[in-house]
Amino acid sequence: MSPLLYYALPALGSYVMLSFFFLRRPRLLHTPWVPAFHARLGAHRGGSGERLENTMEAMENSMAQRADLLELDCHLTRDGVVVVSHDKNLFRQTGVNRDVGSLNFEDLPLLKEELEVYFSPGHFAHGADRHMVRLEDLFRRFPRMPMSVEVKERNEELIHKVVLQAGVGAGPGLDGGLTPLPSPSSSQIAGLVRHYDRSEITIWASEKSSIMKKCKAANPEMPTSFTLSRGFWVLLFYYLGLLPFISIPEKFLICFLPTIINRTYFPFSRSGLNQLAAVVAKWLIMRKSLIQHLQQRGVQVVFWCLNEESDFEAAFNLGATGVITDYPTALRCYLDSRGPPALAS
């Protein structure tokens with residue numbers, strides 16, 4: 001044996017043993033995050049399989065099912081109102097080929113009478129309420145309801161309007177009176193959260209690290225979820241054995257469940273790529289030891305977007321904190337049948 005191997009092999013063996021030891025006992029190195037809430041039942045777009053997505057009716061329905069989290073996406077109208085909408089362009093939702101940002105809030109068209117459920121192809125949602133809502137309306141209507149607010153575009157005005165104090169101007173409120181509307185000033189979306197004292201229960205979500213950086217700068221008190229690149233680094237550190245030794249500022253890992261690829265989720269246009277993605281993602285992500293490690297560090301692991309009981313079962317068997325679904329009634333029935341969650345050791 002060469003002198004290099006004589007020292008390298010024992011060092012490598014010691015590293016592997018230490019990594020494995022602290023992977024299972026991360027609290028010896030890190031103080032876990034203390035959650036302000038537990039996100040067991042998350043409603044995707046407010047529960048878009050049971051009512052028209054992102055409407056007040058959908059949110060009310062999810063609240064009736066004792067949802068723990070409302071998952072939302074936001075865009076900014078021409079007159080500076082933060083509106084809850086998944087799409088930037090309104091054609092899929094309304095039939096009107098205009099961007100949200102090209103219209104004033106009062107001119108936004110009604111949603112279609114039925115909308116296909118994206119993660120349940122061939123299934124359609126209906127509802128009596130076809131109006132798009134302001135983020136501020138939801139904050140006022142559900143003041144203590146946790147929400148995940150995803151910012152899809154690098155729009156600093158939108159980000160600041162989510163977290164800063166609501167601005168001047170007036171618009172129709174839920175009670176028919178006048179309520180403040182945010183002004184288009186870039187010093188204001190970060191303040192809706194502060195104005196309604198929701199920093200601990202409103203999650204910053206974005207796929208892009210460049211956007212998340214601006215979100216955290218606008219309101220560092222809000223919990224954050226992993227971006228795509230940060231999720232990749234966590235997986236890399238996990239397989240290199242480094243994860244127990246690095247800090248994790250995020251409090252939520254909101255991740256798709258790989259088993260839904262090829263069935264209800266088609267990230268690529270070619271079926272062969274989807275099949276490959278399903279196999280690779282399942283092998284990489286569905287690791288119980290990884291999820292348990294994150295949970296012990298206070299990081300809540302929430303899988304989306306699951307609409308079948310077999311998927312609920314797969315997620316919770318892995319140790320997930322919760323599930324985001326289009327069908328909150330189905331998930332509520334499943335959770336009630338399982339009984340209360342086991343307490344983490």
Side-chain angles (χ1 to χ4, degrees), residues 33-37 39 42-43 45-46 54-56 58-60 62-63 67-86 100-101 103-106 108 131-206 211-225 249-252:
W33 294 114
V34 178
F37 63 94
R45 304 183 194 177
N54 292 320
T55 60
M56 191 65 74
M59 310 296 173
E60 294 276 8
S62 295
M63 292 294 290
D68 304 303
L69 177 72
L70 298 177
E71 186 274 340
L72 314 169
D73 309 90
C74 289
H75 293 279
L76 202 63
T77 62
R78 182 170 61 187
D79 54 342
V81 177
V82 183
V83 67
V84 180
S85 173
H86 178 270
V100 172
L103 296 169
N104 291 337
F105 177 74
E106 63 180 12
L108 292 174
H131 294 85
M132 300 179 72
V133 299
R134 303 177 303 172
L135 182 63
E136 185 172 8
D137 293 334
L138 297 184
F139 285 177
R140 293 185 62 221
R141 179 66 185 85
F142 312 113
R144 303 316 303 160
M145 181 64 186
M147 300 182 194
S148 172
V149 178
E150 182 170 357
V151 180
K152 294 182 177 295
E153 296 184 284
R154 192 171 178 174
N155 186 329
E156 292 190 43
E157 183 181 348
L158 172 64
I159 293 168
H160 283 84
K161 281 184 177 291
V162 169
V163 276
L164 298 177
Q165 184 172 354
V168 297
L174 296 178
D175 55 0
L178 293 180
T179 56
L181 284 180
S183 77
S185 167
S186 62
S187 65
Q188 290 169 318
I189 205 184
L192 280 176
V193 171
R194 286 198 177 106
H195 181 73
Y196 289 98
D197 191 24
R198 296 182 47 90
S199 290
E200 291 188 348
I201 59 171
T202 307
I203 305 168
W204 276 131
S206 182
I211 295 176
M212 184 61 75
K213 183 178 180 180
K214 294 185 177 296
C215 290
K216 290 194 292 186
N219 188 338
E221 298 172 2
M222 291 168 59
T224 60
S225 61
E250 295 88 353
K251 295 184 180 180
F252 291 86

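Counting begins at 1 with the first residue of the sequence. This structure is a prediction, so every number in the text was calculated from the model and none was measured.
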Closest non-hydrogen atom pair, Lys251 against Trp33: CE-CE3, 3.4 Å
Separation between CZ of Arg198 and CZ of Arg144, rounded to the nearest 0.5 Å: 6.5 Å
I need the minimum non-hydrogen distance between Thr77 and Leu103, along with the two atoms involved. CB-O, 3.3 Å
What residues, two or more places apart in sequence or in another chain, satisfy side chain to side chain donor-acceptor pair (under 3.5 Å) together with Asp197? none
Give the intermediate values and the outcome of side chain to side chain contact (heavy atoms under 4.5 Å, CB included) for residues Val84 and Arg45. CA-CA 9 Å; Val84 180; Arg45 304 183 194 177; over 6 Å; no
Looking at Phe37 and Asp68, what are the two nearest heavy atoms and their distance? CD1-O, 4.2 Å
I'd like to check the side chain to side chain donor-acceptor pair (under 3.5 Å) partners of Glu60; sequence neighbours left out, ordered by chain and number. Arg141
Nearest 0.5 Å, please: how far is NE2 in His131 from CG in Asn54? 15.0 Å
Looking at residues at least two apart in the chain, or sitting in another chain, which of them share a side chain to side chain contact (heavy atoms under 4.5 Å, CB included) with Glu200? Ala36
For the residue pair Met59 and Leu70, what are the closest heavy atoms and their distance? SD-CD1, 3.8 Å
Out of the candidates Val193, Leu72, Leu192, Leu135, only one should pair with Thr202 under the side-chain contact (heavy atoms from CB on, under 4.5 Å) rule; please name it. Val193
Val82 and Leu76, any side-chain heavy atoms less than 4.5 Å apart: yes
State the CE-CG distance between Met145 and Leu69, to the nearest 0.5 angstrom. 6.5 Å
Output all residues satisfying side chain to side chain contact (heavy atoms under 4.5 Å, CB included) with Met212, sequence neighbours left out; order by chain, then residue number. Trp204, Ser206, Cys215, Lys216, Thr224, Ser225, Thr227
What distance separates Ile211 CD1 from Glu150 CD, expressed to the nearest 0.5 Å? 8.5 Å
Can you find a heavy atom in the side chain of Phe139 that is under 4.5 Å from one in the side chain of His195? no
Taking side chain to side chain donor-acceptor pair (under 3.5 Å) as the test, write out the residues that go with Ser85, two or more places apart. Gln93
Correct closest heavy-atom pair for Cys74 and Val149 would be SG-CG1, 3.7 Å
Shortest non-hydrogen contact between Ser199 and Asn219, atoms and distance: OG-ND2, 3.3 Å
Going by the rule salt bridge (charged side-chain N to carboxylate O under 4.0 Å, His left out), which residues pair with Asp73 if we only count those two or more places apart in sequence or in a different chain? Lys152
How far does CG of Asp79 sit from CD of Glu106, to the nearest 0.5 angstrom? 7.0 Å
